[in-house]
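Everything on this sheet refers to the single structure shown next.
When reading the values below, keep in mind they use all heavy atoms of this one structure, side chains included, and skip hydrogens, waters and symmetry mates.
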Amino acid sequence: MLGLDEQTLEKRSLARNETLFRQGDKVAAIYFVEAGRLRLERRTFDGRLLVLGVTPAGQFFVEAALFSDNFHCDAVATEPSRVRIYPKPALLNALRADPANAMSFLALMAHQVIDLRQRLEVMKVRSAQERVMLYLDLHAERGGGTVTLRSQLQDIASELGLSREAFYRTLASLERTGAIERAGSRVLIKRSLSV
């Protein structure tokens, strides 16, 4: 993957709530999440925790850091996790040497830009109910209105700019009004909000 032999790459296991790196640490690598889930987070000026995103297993993690000297946030495992480490110098050399690998990496970055634009769109919605419904709609499976929530609810709440309590209340309200139906981590979007 990306021009490096995966068998020779180092791996690291993380316990739940263990930190992979901290804001300000020098960028020595990017990571592929093999198992578990990692959260990017930062403390605001007044000490509140801001979740920048959660990356599940099967995805690269902090690719943009490849072009940065230092990490701009902390990375914390939200559950027992394992990452594959892609050393920065070796990966940059592999991308320079092989245009196909470089294009693959560029496509990965382009998809991240699309995801970030969607997150910005969601954050611009003022109503908590509309924000949650837009989030669910953007994460619905193809061809249907079913969403499998792949993160802890508190992480989704933070990603949406809502307190955990406001997010729980909004989900309960949407369920009471018949807009959604919940079953564990699955949410069925039954109808859109009335305007």
Side-chain angles (χ1 to χ4, degrees), residues 13-20 31-44 46-64 73-83 108-195:
S13 293
L14 300 151
R16 183 174 189 263
N17 293 324
E18 185 176 349
T19 301
L20 178 60
Y31 306 90
F32 183 82
V33 182
E34 290 188 339
R37 210 177 292 284
L38 280 102
R39 177 178 62 228
L40 290 176
E41 61 186 35
R42 185 183 327 183
R43 293 278 172 192
T44 61
D46 59 355
R48 288 179 297 132
L49 183 66
L50 178 64
V51 174
L52 304 175
V54 178
T55 303
Q59 292 186 15
F60 275 95
F61 186 62
V62 297
E63 304 88 338
C73 58
D74 299 342
V76 179
T78 63
E79 59 189 67
S81 302
R82 185 180 62 253
V83 296
L108 183 69
M109 297 298 287
H111 287 291
Q112 282 192 355
V113 169
I114 291 167
D115 289 343
L116 287 171
R117 286 182 178 159
Q118 286 179 343
R119 287 182 62 196
L120 283 172
E121 178 185 354
V122 168
M123 292 301 292
K124 288 183 176 186
V125 175
R126 287 188 182 262
S127 157
Q129 285 193 344
E130 291 174 8
R131 191 180 299 180
V132 171
M133 287 300 288
L134 180 57
Y135 174 88
L136 294 172
D137 185 54
L138 289 171
H139 290 86
E141 296 169 3
R142 275 202 159 120
T146 302
V147 180
T148 301
L149 300 176
R150 302 190 191 291
S151 297
Q152 296 175 358
L153 292 182
Q154 65 190 27
D155 291 337
I156 296 171
S158 184
E159 189 176 329
L160 291 172
L162 299 171
S163 69
R164 180 176 49 204
E165 295 79 11
F167 182 54
Y168 293 165
R169 281 193 308 269
T170 302
L171 286 174
S173 174
L174 289 170
E175 194 164 20
R176 267 193 318 276
T177 61
I180 65 171
E181 187 177 296
R182 295 174 59 200
S185 65
R186 295 183 61 79
V187 178
L188 173 64
I189 302 170
K190 297 177 75 176
R191 63 178 175 81
S192 62
L193 291 175
S194 301
V195 180

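- No donor-acceptor pair under 3.5 Å is formed between the side chain of Arg182 and the backbone N or O of Ala172.
- In this structure, the side-chain contact (heavy atoms from CB on, under 4.5 Å) partners of Arg117, at least two apart in sequence or on a different chain, are Val113.
- Listed by chain and number, the residues in a salt bridge (Lys or Arg N to Asp or Glu O under 4.0 Å) with Glu141 are Arg186 (sequence neighbours excluded).
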Please table the atom pairs, donor to acceptor, closer than 3.5 Å between any side-chain atom in residues 157-164 and protein atoms at least two apart or in another chain.
| residue | atom | partner | partner atom | Å |
| --- | --- | --- | --- | --- |
| Ser158 | OG | Val51 | N | 3.1 |
| Ser163 | OG | Ala166 | N | 3.0 |
| Arg164 | NH1 | Gln154 | OE1 | 3.1 |

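- Going from atom CG of Leu171 over to atom CD1 of Ile180 covers 5.0 Å, rounded to the nearest 0.5 Å.
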### Task
Applying side-chain contact (heavy atoms from CB on, under 4.5 Å), run through Phe60 and Thr55 and close with a yes or a no.
CA-CA 8 Å; Phe60 275 95; Thr55 303; over 6 Å; no
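- Taking Glu121 as the reference, nothing meets the salt bridge (Lys or Arg N to Asp or Glu O under 4.0 Å) condition, with sequence neighbours excluded.
- Taking CD1 of Ile156 as the reference point, atom CG of Leu136 lies at 8.0 Å (rounded to 0.5 Å).
- Scored by the side-chain contact (heavy atoms from CB on, under 4.5 Å) test, Arg82 finds Lys11, Ser13, Glu34, Ala35 as partners (sequence neighbours excluded).
- A pairwise comparison of heavy atoms in Cys73 and Glu41 identifies CB-O, 3.3 Å as the closest pair.
- Scanning for salt bridge (Lys or Arg N to Asp or Glu O under 4.0 Å) contacts around Arg126 gives an empty result, with sequence neighbours left out.
- Take Gln112 and apply the side-chain hydrogen bond (donor to acceptor under 3.5 Å, both in side chains) test, not counting sequence neighbours, and it matches Glu63.
- Partners of Pro80 under the side-chain contact (heavy atoms from CB on, under 4.5 Å) rule, at least two apart in sequence or in another chain, are Arg16.
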### Message
Would Asp115 and Gln118 count as a side-chain contact (heavy atoms from CB on, under 4.5 Å) here? Give the steps.
### Response
CA-CA 5 Å; Asp115 289 343; Gln118 286 179 343; 4.1 Å; yes
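- Judged as a ring pair (Phe, Tyr, Trp, His ring centres under 6.0 Å), not a single pair has a partner in residues 162-189 (not counting sequence neighbours).
- The distance from the CZ atom of Arg169 to the CD atom of Gln129 is 11.5 Å, given to the nearest 0.5 Å.
- Gly36 and Ser81 get closest at one heavy-atom pair: CA-OG, 3.4 Å.
- The side-chain hydrogen bond (donor to acceptor under 3.5 Å, both in side chains) test applied to Asp46 returns Thr44, Arg48, not counting sequence neighbours.
- No side-chain heavy atom of Val187 sits under 4.5 Å from any side-chain heavy atom of Glu175.
- Of the residues Thr19, Leu14, Leu49, Leu38, the one that meets the side-chain contact (heavy atoms from CB on, under 4.5 Å) test with Val76 is Thr19.
- Applying the ring pair (Phe, Tyr, Trp, His ring centres under 6.0 Å) test to every pair with at least one member in residues 139-159, sequence neighbours left out, gives these pairs: Tyr135-His139.
- A search for side-chain contact (heavy atoms from CB on, under 4.5 Å) contacts involving Leu188 returns Thr146, Glu181, Lys190, not counting sequence neighbours.
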